[in-house]
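This report refers to the structure that appears directly beneath it.
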Amino acid sequence: MRIISGDFGGRRLKAVPGMKTRPTTDKIKENVFNIIGPYFTGGAVLDMYAGSGGLAIEAVSRGMEQATLIDKQMAAIKTIRDNVQVTKHPEQFQIIKGDTKKVIHNLAKQAVSYNMVFFDPPYALQTIAQDIVSLMELDLLAKDVTIVCETSEEVELPDQIGWLAKTREQRYGITKIVIYKAGS
């Protein structure tokens with residue numbers, strides 16, 4: 001795994017040891033950023049099930065200003081910390097160990113809104129639609145938010161979640177990427 005492009009492009013990233021996470025492949029990551037970007041002019045990104053942190057780190061490398069990465073697994077948190085050090089800009093990253101459903105309530109108290117959100121939960125624990133509704137209710141989403149969901153091919157996400165509309169769905173083998181943006 002590596003950071004593909006931007007300020008930190010080409011730097012190697014570690015994967016979380018063990019079988020509890022599935023890192024997003026470089027091919028899928030590159031395709032996702034070609035669809036949603038490929039580059040950004042500021043903003044904040046939230047990675048709800050961060051794993052190795054590769055998606056949020058890539059977003060910061062490509063121009064997002066800040067990233068908040070959440071994971072409840074200690075091995076993932078250690079890997080994220082190591083990967084953030086590779087950027088040499090740890091001040092751009094907030095790493096939080098905990099259950100995402102609890103952590104987002106604390107984030108709401110910080111009065112931050114996210115321009116980009118990544119969802120790559122364990123395939124067996126798909127609660128993406130409910131998580132997006134929670135982020136809306138807590139007023140954590142910017143009006144121009146882009147939400148990227150990585151699921152197994154069997155998962156069907158709704159065409160509309162609140163004021164967000166599904167704008168793209170792309171399959172890569174057993175993986176499906178679904179993108180939501182503000183509806184018109």
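- The two atoms that bring Ala50 and Asp71 nearest to each other are N-OD2, 3.5 Å, heavy atoms only.
- Put simply, CD1 on Ile179 and CD on Glu150 are 11.5 Å apart, with the number rounded to the nearest 0.5 Å.
- For the pair Asn83 (side chain) and Ser52 (backbone), a donor-acceptor distance under 3.5 Å is present.
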Worksheet entry | Test log, rule side chain to side chain contact (heavy atoms under 4.5 Å, CB included), inputs Val84 and Glu91 | CA-CA 9 Å; Val84 162; Glu91 72 282 358; over 6 Å; no
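- In this structure, Phe119 and Ile132 approach most closely via the heavy-atom pair CE1-CG1, 3.6 Å.
- By the 6.0 Å contact criterion, CG on Asn106 is enclosed, its count of non-hydrogen atoms from other residues, nucleotides or ligands being greater than 12.
- When hydrophobic clusters are built by joining Ile, Leu, Val, Met, Phe, Trp and Tyr residues whose side-chain heavy atoms come closer than 4.5 Å, directly or via intermediates, Ile147 is grouped together with Val133.
- More than 12 heavy atoms of other residues, nucleotides or ligands lie within 6.0 Å of NZ in Lys97, so this atom counts as buried by the packing criterion.
- Residues Leu140 and Ile104 approach most closely at CD1-O, 3.5 Å, considering heavy atoms.
- Under the 4.5 Å side-chain heavy-atom criterion for Ile, Leu, Val, Met, Phe, Trp and Tyr, Met48 and Val145 are members of the same hydrophobic cluster.
- The structure places NZ of Lys72 at 15.5 Å from CD1 of Ile96, a figure rounded to the nearest 0.5 Å.
- Taking the charged nitrogens against the carboxylate oxygens, Asp131 and Lys101 do have a contact shorter than 4.0 Å, which makes a salt bridge.
- Inter-residue side-chain proximity for Thr175 and Thr151 is flagged as unmet; no heavy-atom pair is nearer than 4.5 Å.
- At least one side-chain heavy atom of Tyr114 sits less than 4.5 Å from a side-chain heavy atom of Thr68.
- Remark: Arg62 qualifies as a cation-pi partner of Tyr39 under the 6.0 Å distance and 45° angle criteria applied to the six-membered ring.
- With a 4.5 Å cut-off on side-chain heavy atoms, Ile177 and Cys149 do not count as touching.
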Discussion item. Go through it in stages, so that I can follow the logic: the residues are Leu46 and Leu135, the test is side chain to side chain contact (heavy atoms under 4.5 Å, CB included), and I'd like the CA-CA distance, side-chain angles, deciding distance and then a yes or no.
Written reply: CA-CA 11 Å; Leu46 174 63; Leu135 292 173; 4.0 Å; yes
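- Without hydrogens or angle criteria, Gln160 side chain to Gly162 main chain gives a donor-acceptor distance under 3.5 Å.
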Practice prompt. Assess whether salt bridge (Lys or Arg N to Asp or Glu O under 4.0 Å) is satisfied between Arg2 and Glu58, documenting all intermediate values.
Written response: CA-CA 9 Å; Arg2 63 188 172 91; Glu58 187 76 32; over 6 Å; no
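- Annotation for Leu69 and Ala56: closest pair CD2-CB, 3.7 Å, computed over non-hydrogen atoms.
- One N or O on the side chain of Asn115 and one on the backbone of Ala44 form a donor-acceptor pair closer than 3.5 Å.
- Looking at heavy atoms from C-beta onward, Asp99 lies in side-chain contact with Lys102 at the 4.5 angstrom threshold.
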Worksheet item: Hey, mind stepping through Ile4 and Phe33 against side chain to side chain contact (heavy atoms under 4.5 Å, CB included) and telling me if it holds?
Response: CA-CA 10 Å; Ile4 296 167; Phe33 281 93; over 6 Å; no
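- The CD1 atom of Ile35 lies 11.5 Å from the OG1 atom of Thr146; values are rounded to the nearest 0.5 Å.
- Relative ring orientation between His89 and Phe8 is described as parallel, the plane-to-plane angle staying below 30° on a 0-90° scale split at 30° and 60°.
- The closest side-chain heavy-atom distance from Ser152 to Ile174 is not below 4.5 Å.
- In this structure, Trp163 and Leu141 have side chains that are in contact, with non-hydrogen atoms separated by less than 4.5 Å.
- At a threshold of 4.5 Å between side-chain heavy atoms, the hydrophobic network of Ile, Leu, Val, Met, Phe, Trp and Tyr places Ile77 and Val86 in two separate groups.
- Looking only at distances, a side-chain donor or acceptor of Ser61 sits under 3.5 Å from a matching main-chain atom of Asp7.
- Using a 4.5 Å cut-off on side-chain heavy atoms (C-beta onward), Lys176 and Val178 make contact.
- Using a distance-only test at 3.5 Å, with no hydrogens or angles considered, no donor-acceptor pair links the side chain of Glu65 to the main chain of Gly42.
- The nearest pair of heavy atoms linking Leu157 to Lys166 is O-NZ, 2.8 Å.
- To the nearest 0.5 Å, atom NZ of residue Lys29 and atom CG of residue Asn34 are 12.5 Å apart.
- At a threshold of 4.5 Å between non-hydrogen side-chain atoms, the residues Asp47 and Ile57 do not count as touching.
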Discussion item. Apply side chain to side chain contact (heavy atoms under 4.5 Å, CB included) to residues Val60 and Phe93 and explain how you reach the verdict.
Written reply: CA-CA 9 Å; Val60 172; Phe93 300 90; 3.7 Å; yes
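- Contact between Ser113 and Ala142 at its shortest, heavy atoms only, is CB-N, 3.9 Å.
- For the atom pair Leu13 CG and Ile80 CD1, the distance stands at 11.0 Å (nearest 0.5 Å).
- One distance of note links NZ of Lys181 with CE of Met116; it measures 8.5 Å at 0.5 Å rounding.
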